[in-house]
Amino acid sequence: MEIQITLPDGKKKTYPKGVTALDVAKDISEGLARNVLAAKVDGNVMDATLPINDDADITLLTWSDDEGKSTMWHSSAHLLAEALQHFYPGIKFAIGPPIENGFYYDVDLGNQQISDKDFAKIEQKMLELAREKNTYIRHEISKKDALDYYKKKGDEYKLELIDELEDGTISFYEQGGFTDLCRGPHIPNTGFIKAVKLTSIAGAYWRGDEKNKQLTRIYGITFPKQKELKEYLELLEEAQKRDHRKLGKEMGLFTFSQKVGMGLPLWLPKGAILRERLENFLKLAQKKAGYLPVITPHIGGKELYVTSGHYAKYGKDSFQPIHTPHEGEEYLLKPMNCPHHCELFNAEPRSYKDLPLRFAEFGTVYRYEQSGELHGLTRVRGFTQDDAHIFCTPEQVKEEFKKVIDLVLYIFKTLSFDNFIAQVSLRDPEDREKYIGSNENWRKAETAIKEAVEEAGLDFVVEEGEAAFYGPKLDFMVRDAIGRKWQLGTIQVDYNLPDRFELEYVGSDNSKHRPVMIHRAPFGSMERFVAVLIEHCAGKFPLWLMPDQVKILPVSDKFNKYAQEVLNKLNNYDIRALVDERSEKVGRKIRDAEVEKMPYMLIVGDEEASNGTVSVRKQGEGDQGTHTVDSFAELVNNEIEALLGN
RNA sequence: GCCGAUGUAGCUCAGGGGUAGAGCGCGUCCUUGGUAAGGACGAGGUCAUGGGUUCAAAUCCCAUCAUUGGCUCCA
């Protein structure tokens with residue numbers, strides 16, 4: 001019996017039935033066969049060593065394929081388990097999947113302890129086992145036998161997993177002296193793993209539920225070449241240099257104080273200037289887009305949040321109410337601006353002619369976050385949202401939504417954020433209880449978002465179960481220096497709050513109607529946005545955002561006076577400059593200015609002072625020749641205008 | 001909140017049961033310079049906090065606090 005194998009380039013070849021992907025690879029070239037980690041057969045990733053019995057499309061997966069990498073990391077998790085089993089008798093295994101950068105295994109060590117000091121010996125053992133080139137052998141096994149195996153081992157985690165599997169679909173994988181419940185696929189043998197690095201150790205709850213027992217999670221990563229591990233570690237190191245916490249400190253942008261409280265950032269002058277520029281930039285864009293400014297207080301009466309539904313949902317997990325000393329009133333620190341904005345809408349009778357009504361506010365909100373979750377400026381307890389709420393008719397929703405998408409994209413483009421992910425977050429179809437509002441409204445909102453996103457031509461991913469409890473949303477996600485995903489901009493459709501606050505407008509038919517609300521924040525929060533911006537540009541902000549744009553470097557003390565004259569002139573042009581008056585050589589002043597990422601340096605000495613000029617040096621680019629102060633100012637302002645696209 | 005790690009000068013970090021260390025930064029003085037580090041001298045620390053062990057603790061032990069890597073959560 002022969003079968004036909006179709007390769008990705010469309011080439012068809014005939015092989016005897018039962019041929020393996022590895023055989024096919026060997027047929028193509030020995031070199032390829034040495035690099036095949038797994039195979040995709042009719043769209044399913046499987047072991048390269050399994051027989052293929054029917055005509056099939058196959059793709060051979062190597063290290064250059066994401067699926068090849070994750071197969072190897074999955075196999076690496078098994079290898080880690082085998083090594084752990086060697087050192088920690090009685091260890092129980094939970095789950096050990098591949099992840100984006102490597103893999104982990106969750107284990108229950110019983111009374112034994114493990115720490116990162118043990119990593120070296122575990123890594124060595126893994127490499128030793130890898131060198132044995134043990135094959136990963138797949139065993140199809142009956143549910144009963146699977147259960148018996150783990151009953152004997154006393155591993156309740158695997159038993160729980162098997163319990164949920166259907167008989168006939170269960171497989172074990174065995175390599176060397178280790179057998180694990182596993183769907184697969186795996187690499188042919190452990191020999192592909194040439195470099196191993198265990199990266200961290202952490203607690204993780206069994207099945208991700210904090211009510212369950214906490215297991216020990218060991219993270220690691222492996223590579224087929226030692227060199228690649230080295231490169232990866234260097235990359236990590238580079239990324240850490242961009243960490244906004246480090247750069248924020250170095251550049252004097254923000255700080256924290258124990259006395260003020262954890263998760264409550266303090267903006268230093270330079271950071272405040274940066275943030276102010278961002279705010280002004282957005283304010284201008286919003287003004288053009290028809291937003292109206294509003295201002296609301298930092299606290300709100302408890303009833304406000306009872307009405308909005310937030311009290312029932314988050315009351316217990318918020319900063320607790322503030323009580324007035326004599327009247328016994330209760331106020332909450334505002335965790336969001338929308339209830340206040342609803343009351344602004346309600347302040348006057350509204351006509352359909354007023355809609356869409358767009359209320360914008362840089363509103364500072366306070367949310368209780370668990371202490372362990374706080375992180376630099378990306379996860380804080382007090383932050384300022386670039387918030388706005390659009391009140392519109394149901395017919396206007398899609399159009400307004402699209403306009404907001406345009407605004408977000410304009411902002412991202414201006415700041416050259418290009419590698420964001422647009423994520424449409426919908427309800428969890430399994431768990432309707434989590435959400436408030438009618439099915440009808442949810443369906444309307446979800447449809448409006450999907451249509452708006454499609455019409456805007458945006459690439460997006462859909463995540464079920466990620467919606468806010470009151471409505472679906474479109475989030476713009478970006479990654480930070482260490483690869484973590486953060487939500488920046490967000491746009492959310494809400495049919496719920498207008499109901500709860502009984503918002504109404506008079507339609508053209510002279511009867512009352514309920515408006516729809518769109519919550520939106522292009523930056524998300526100023527804190528998080530600045531954090532991501534810092535990491536994105538490694539502290540080299542666009543010129544218009546730089547807290548200090550120009551440093552004037554007198555060649556010697558004798559020219560400090562002329563430097564001050566230049567400074568005054570630049571101030572008149574609204575250029576933020578300062579003078580390096582230290583008694584240092586100009587080479588030193590240049591170096592320091594370069595290191596602190598000063599966009600422009602103006603060297604002034606005898607020649608410049610007598611001609612009323614400056615010698616211009618651009619950060620990272622070097623000498624730009626001599627300019628008059630006026631022409632330099634023009635140059636800077638032109639550059640800024642070009643960046644802002646005005 | 002839970003599990004792990006860390007906490008020494010303004011910053012980055014070394015050290016380690018018996019006078020507290022380096023580099024950078026900072027200050028003073030010398031030098032007055034031309035496109036990425038001039039020189040000399042100096043100031044700065046109850047070694048996170050509180051207990052314990054010890055003749056003696058920054059060092060060992062315990063607790064607390066903070067920071068940090070994860071987990072859970074995230075309007």
Side-chain angles (χ1 to χ4, degrees), chain A residues 99 104 106 109 113-117 199-219 243 245-246 249-250 252 256-259 261-262 305 308-315 317-318 334-339 365-376 378-381 385 387 436 466-471 473 482 484 486-487 490 492 494 496-497 519 521 528 553-560 582-596 601-608 615-626:
Chain A
I99 51 176
Y104 65 79
D106 281 350
L109 288 154
Q113 287 290 322
I114 187 168
S115 86
D116 52 12
K117 292 183 187 64
T199 47
S200 75
I201 189 165
Y205 302 102
W206 168 234
R207 312 216 118 176
D209 187 334
E210 51 186 331
K211 285 184 219 69
N212 286 340
K213 174 156 185 179
Q214 189 155 35
L215 305 171
T216 304
R217 175 170 298 177
I218 299 164
Y219 287 90
D243 193 312
R245 292 166 300 181
K246 187 178 157 69
K249 191 182 230 174
E250 277 172 19
F256 289 89
S257 145
Q258 279 186 39
K259 282 207 179 86
M262 58 171 81
Y305 302 102
S308 72
H310 292 103
Y311 189 79
K313 185 88 182 167
Y314 291 105
D317 296 314
S318 299
K334 78 173 167 188
M336 50 187 350
N337 304 299
C338 29
V365 297
Y366 301 89
R367 296 178 184 177
Y368 169 76
E369 304 285 2
Q370 297 193 104
S371 55
E373 187 50 51
L374 300 172
H375 180 90
T378 47
R379 193 72 187 273
V380 287
R381 284 179 170 171
Q385 295 178 310
D387 211 357
I436 57 176
E466 290 294 312
F469 74 96
Y470 54 76
K473 55 181 183 168
I482 33 187
R484 275 183 289 215
W486 296 100
Q487 174 205 309
T490 180
Q492 316 181 355
D494 186 354
N496 174 56
L497 272 190
H519 308 245
R528 182 174 290 179
L553 314 179
V555 165
S556 87
D557 295 355
K558 283 183 282 192
F559 309 106
N560 284 355
R582 292 175 306 166
S583 211
E584 291 290 350
K585 287 181 159 183
V586 70
R588 178 53 183 271
K589 292 184 184 181
I590 288 168
R591 181 185 148 79
D592 289 346
E594 287 278 350
V595 168
E596 68 181 336
M601 287 148 263
L602 299 181
I603 290 124
V604 295
D606 200 16
E607 192 187 320
E608 289 78 10
S615 172
V616 178
R617 183 186 166 101
K618 197 166 185 179
Q619 202 271 340
E621 293 180 28
D623 200 343
Q624 308 285 299
T626 304

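Order of the sequence lines sets the chain letters (A, B, ...), proteins ahead of strands, with each chain counted from 1. Computed from heavy atoms alone, side chains included, the values below leave out hydrogens, waters and symmetry copies.
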Of the listed B:G69, B:G1, B:A75, the closest approach to the A:Ser371 side chain comes from B:G1

When A:Arg207 and A:Gly376 are each assigned the nearest nucleotide of RNA chain B, the 5'-most assignment goes to A:Gly376

Rounded to whole Å, the CG-P distance (A:Asn212 to B:C71) equals 16 Å

Review point. Counting only distance, no hydrogens or angles, is the base of B:G1 paired donor-acceptor with the side chain of A:Glu369 under 3.5 Å?
Key: no

Contact string for nucleotides 45-50 of chain B, one letter per nucleotide 5' to 3', B = base within protein heavy-atom range under 4.0 Å, S = sugar-phosphate only, - = neither, reads ------

Here the distance between atom C1' of B:C73 and atom CD of A:Gln487, to the nearest Å, is 14 Å

_Quick test of the criterion, 5.5 Å between centres and less than 30° between planes. Is A:Tyr314 stacked on B:A75 or not?_
yes

To the nearest angstrom, the NZ-P distance between A:Lys585 and B:G39 comes to 9 Å

**Message:** For a quick check of understanding: with a heavy-atom distance under 4.0 Å over all strands, which category does A:Gly372 fall into, base, sugar-phosphate or nothing?
**Reply:** base

chi for B:G70 classified (syn = within 90 degrees of 0, anti otherwise) as anti

To the nearest angstrom, the CZ-P distance between A:Arg591 and B:G25 comes to 9 Å

note: A:Tyr104, atom OH; B:G4, atom P; distance rounded to Å ~ 19 Å

Can you find a donor-acceptor N/O pair under 3.5 angstrom joining the side chain of A:Tyr205 to the base of B:G70?
no

Base, sugar-phosphate, or nothing for A:Asp317, non-hydrogen atoms under 4.0 angstrom?
-> base

- [ ] Look at A:Asp209 together with A:Arg207 and state whether they make a salt bridge at an N to O cut-off of under 4.0 Å.
- [x] no

Between CD1 of A:Ile114 and C1' of B:G4 the distance, given in whole Å, is 11 Å

Pairs under 3.5 Å (Watson-Crick or G-U), crossing ones as [ ], inter-strand ones as |: RNA chain B comes out as (((((((..((((....[..)))).(((((.......))))).....(((((..]....))))))))))))....

Here the distance between atom P of B:A36 and atom CD of A:Glu584, to the nearest Å, is 15 Å

_Counting only side-chain nitrogens and oxygens, does A:Arg379 get under 4.0 Å of the OP1 or OP2 atom of B:U68?_
no

Considering only heavy side-chain atoms of A:Ala468, the closest of B:G69, B:A66, B:A75 is B:A75

Whichever of A:Pro335 and A:Asp606 has the more 5' nearest nucleotide on RNA chain B, that residue is A:Asp606

Checklist entry - Would one find a side-chain N or O of A:Tyr219 under 4.0 angstrom from OP1 or OP2 of B:C71? => result yes

Note: A:Ile590 and A:Arg617 closest approach over all heavy atoms is CG2-NE, 3.5 Å

Sub-3.5 Å pairs of nitrogen or oxygen atoms, protein against nucleotides 30-32 of chain B:
{"from": "B:U31", "atom 1": "O4", "to": "A:Ser583", "atom 2": "OG", "distance (Å)": "2.9"}
{"from": "B:U32", "atom 1": "O2'", "to": "A:Lys558", "atom 2": "NZ", "distance (Å)": "3.3"}
{"from": "B:U32", "atom 1": "O2", "to": "A:Ser556", "atom 2": "OG", "distance (Å)": "3.2"}
{"from": "B:U32", "atom 1": "O2", "to": "A:Asp557", "atom 2": "N", "distance (Å)": "3.0"}
{"from": "B:U32", "atom 1": "N3", "to": "A:Asp557", "atom 2": "OD2", "distance (Å)": "3.0"}
{"from": "B:U32", "atom 1": "O4", "to": "A:Asp557", "atom 2": "OD2", "distance (Å)": "2.9"}

